[in-house]
Protein chains: 2
Amino acid sequence: MNNLDESLLTPLALFSKLDRAQIRTILDLATPCRFDLGATVFEEGQEAEFFYLLLDGYVRVVRLTPEGDQVIALHIPSGHLFGIAAALGHTTYPATSVAAAECVCLSWPMKLLQEFLTTYEGLSTGVYGAVGQRVEDMNNRILELATQQVEQRVANALLRLVQQTGHKTDEGIEIGFPITRQDISEMTGSTLHTVSRLLSAWEREGTIKSTRKKIVVTDPHKLVRHST
Amino acid sequence: MNNLDESLLTPLALFSKLDRAQIRTILDLATPCRFDLGATVFEEGQEAEFFYLLLDGYVRVVRLTPEGDQVIALHIPSGHLFGIAAALGHTTYPATSVAAAECVCLSWPMKLLQEFLTTYEGLSTGVYGAVGQRVEDMNNRILELATQQVEQRVANALLRLVQQTGHKTDEGIEIGFPITRQDISEMTGSTLHTVSRLLSAWEREGTIKSTRKKIVVTDPHKLVRHST
DNA sequence: CCCGCAGTTTGTCTTGGCGCAAAGAGGCGT
DNA sequence: ACGCCTCTTTGCGCCAAGACAAACTGCGGG
């Protein structure tokens with residue numbers, strides 16, 4: 001038993017169908033951990049020993065091509081599980097996870113995942129629902145990459161980031177973690193040069209404001225127009 | 001009870017962990033159905049009433065952009081389930097399914113899927129394993145679209161088709177169902193013109209042979225070279 | 001048998017966006 | 001305060017591949 005508070009987990013949609021005792025049991029088996037910005041949580045190909053619940057921060061899931069190009073597969077917002085590929089029959093991690101901000105997580109040994117899923121009916125629907133959500137995201141991503149131009153893809157990426165992680169400031173909505181042009185290019189299958197040009201143009205027309213590693217969307221509506 | 005033979009299902013990897021009685025039970029609840037080439041099995045957005053097991057033929061899963069561009073998300077080879085998105089929390093089909101060849105299927109009402117998954121432990125690992133496989137495929141697809149050139153993507157698509165559906169002929173390995181340049185362009189995020197040019201070039205150099213709607217890969221090794 | 005259509009091929013023109021290069025510019029450590 | 005390092009901006013040339021156009025060709029149907 002550890003001294004974690006149930007109030008950490010209770011508000012999460014994932015656990016909404018479980019009662020206090022069940023949450024307590026799951027929580028007691030968890031080990032908390034922290035990751036600094038840029039730290040690697042696990043790497044593609046490693047034996048999948050643990051799965052994680054992100055309590056605070058943002059995690060980036062990336063893949064590398066044999067040629068060394070990096071592609072950002074998705075961003076995990078807080079409150080979500082990651083590293084759960086074992087639930088889909090993998091024994092090794094299929095991608096690398098990097099902390100995109102200071103992160104606080106809980107982790108469990110992977111073999112408990114199978115156990116939790118069969119024991120707690122309500123948890124399994126939540127987990128597989130989350131998987132379904134990510135499958136749909138990936139599907140949309142494929143659609144975008146296959147049919148849209150770079151400008152539209154970048155606009156869409158920003159809108160998605162703003163929606164998932166944005167918080168209001170007096171200037172507009174700011175993306176919740178430090179992000180570079182390079183990062184955005186890796187999310188959209190482009191280059192940092194092209195992304196920089198686009199952001200500059202959008203800044204000139206008053207759609208966004210940006211400093212290094214920080215982007216504030218001042219006029220989401222204009223951005224939407226660039227995305228279609 | 002219907003007059004289907006257990007030998008239909010027994011050899012499938014999906015059912016390898018089930019005993020004869022279990023297979024019999026599942027089979028008795030199935031209704032068989034056929035689809036002609038080009039027929040739509042279900043459409044994106046429809047209420048997901050049934051899920052399917054493809055016994056023979058090939059099914060193509062496609063998505064449409066708001067602008068009307070079509071993208072082929074994946075091909076289902078025989079022996080695999082499709083239309084199972086409800087297992088991932090969806091109540092409507094997230095994509096459209098079209099018969100890419102003459103197809104023979106079994107179908108079950110969707111609510112039985114939940115039941116099967118909880119009742120037959122062995123089935124659920126198989127089903128979720130298949131989902132995991134498709135997630136990985138999609139991930140690789142994203143990687144390709146984001147980093148590779150059209151030539152490499154087309155070569156990869158052909159290699160995948162050959163591997164999944166190919167059968168030997170005296171000239172080489174033939175793709176198992178009729179496929180057009182347009183189809184290939186929709187699989188790779190390109191245009192039929194560019195695909196046509198590539199295939200012509202490859203035919204000239206002796207890598208493939210093709211007639212309308214038919215492609216035979218005579219030299220897979222050369223194709224591999226184009227894919228990297 | 002011939003017509004018509006769906007699918008394919010090829011040519012030419014245009015352009016989005018990548019590669020390369022080099023010069024700013026903000027933040028951080030000492 | 002200084003310099004370094006990382007991130008960003010911008011210019012220029014070029015090429016892959018899309019857009020447009022037009023001709024060609026099997027195949028199926030009447």
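Note that the structure is a prediction, hence the values are computed from the model and not measured. Just so you know, these numbers use all the heavy atoms, side chains as well, and skip hydrogens, waters and symmetry mates.
Between the CD atom of A:Gln148 and the P atom of C:dG17 there is a distance of 11 Å, rounded to whole Å. Here the P atom of nucleotide D:dC15 and the CD atom of B:Glu151 are 16 Å apart, to the nearest Å. For the pair B:Lys214 NZ and C:dT8 C1', the computed distance is 16 Å after rounding to whole Å.
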Q. Dot-bracket, DNA chain C: Watson-Crick or G-U, under 3.5 angstrom, [ ] crossing, | other strand?
A. ||||||||||||||||||||||||||||||

All N/O pairs under 3.5 Å across the protein-nucleotides 28-30 of chain D interface:
none

Scan nucleotides 25-30 of chain C against the protein and return all N/O pairs shorter than 3.5 Å with their distances rounded to 0.1 Å.
| from | atom 1 | to | atom 2 | distance (Å) |
| --- | --- | --- | --- | --- |
| C:dG26 | N2 | A:Arg212 | NH1 | 3.4 |

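Judged as a ring-ring contact (aromatic ring centres under 6.0 Å, His included), the pairs with a partner in residues 136-183 of chain A (not counting sequence neighbours) are, in order, A:Tyr58-A:Phe177, A:His75-A:Phe177. A salt bridge (Lys or Arg N to Asp or Glu O under 4.0 Å) check over residues 181-206 of chain B, counting only residues at least two apart or in different chains, returns the pairs B:Arg60-B:Asp183.
Near DNA chain C, defined here as any heavy-atom distance below 4.0 Å, the residues from residues 174-191 of chain B are B:Thr180, B:Arg181, listed numerically. In the region residues 192-209 of chain A, proximity to DNA chain C at under 4.0 angstrom, judged on heavy atoms, holds for A:His193, A:Thr194, A:Arg197.
Every residue was checked against the salt bridge (Lys or Arg N to Asp or Glu O under 4.0 Å) condition with B:Glu174, not counting sequence neighbours, and none meets it. A:Glu151 pairs by the side chain to side chain contact (heavy atoms under 4.5 Å, CB included) definition with A:Leu198, A:Trp202, A:His226, not counting sequence neighbours. Under the salt bridge (Lys or Arg N to Asp or Glu O under 4.0 Å) criterion, B:Arg134 pairs with no residue, sequence neighbours left out. Partners of B:Glu49 according to the side chain to side chain contact (heavy atoms under 4.5 Å, CB included) rule, which considers only residues two or more places apart in sequence or in another chain, do not exist here. For B:Glu171, the salt bridge (Lys or Arg N to Asp or Glu O under 4.0 Å) criterion is met by no residue, not counting sequence neighbours.
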Q: Evaluate the criterion side-chain contact (heavy atoms from CB on, under 4.5 Å) for residue pair B:Arg141 and A:Leu145; output intermediate values, then yes/no.
A: CA-CA 10 Å; B:Arg141 188 89 179 286; A:Leu145 283 166; over 6 Å; no

Q: Might you work through the side-chain hydrogen bond (donor to acceptor under 3.5 Å, both in side chains) test for B:Asn156 and B:Gln152, ending with a clear yes or no?
A: CA-CA 6 Å; B:Asn156 273 315; B:Gln152 304 173 313; over 6 Å; no

Q: Could you walk me through whether B:Asn140 and A:Arg63 pass side-chain contact (heavy atoms from CB on, under 4.5 Å), step by step?
A: CA-CA 9 Å; B:Asn140 289 332; A:Arg63 296 202 62 199; 2.7 Å; yes

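Counting heavy atoms from C-beta on, the side chains of A:Gln46 and A:Tyr93 come closer than 4.5 Å.
For the pair B:Thr194 (side chain) and B:Ser190 (backbone), a donor-acceptor distance under 3.5 Å is absent.
Between B:Tyr128 and A:Tyr128, the distance separating the two ring centers is shorter than 6.0 angstrom.
Separation of atoms OH (B:Tyr52) and SG (B:Cys103) is listed at 11.5 Å; rounding is to 0.5 Å. Note: B:Leu9 CG to B:Leu53 CG = 6.0 Å, rounded to the nearest 0.5 Å.
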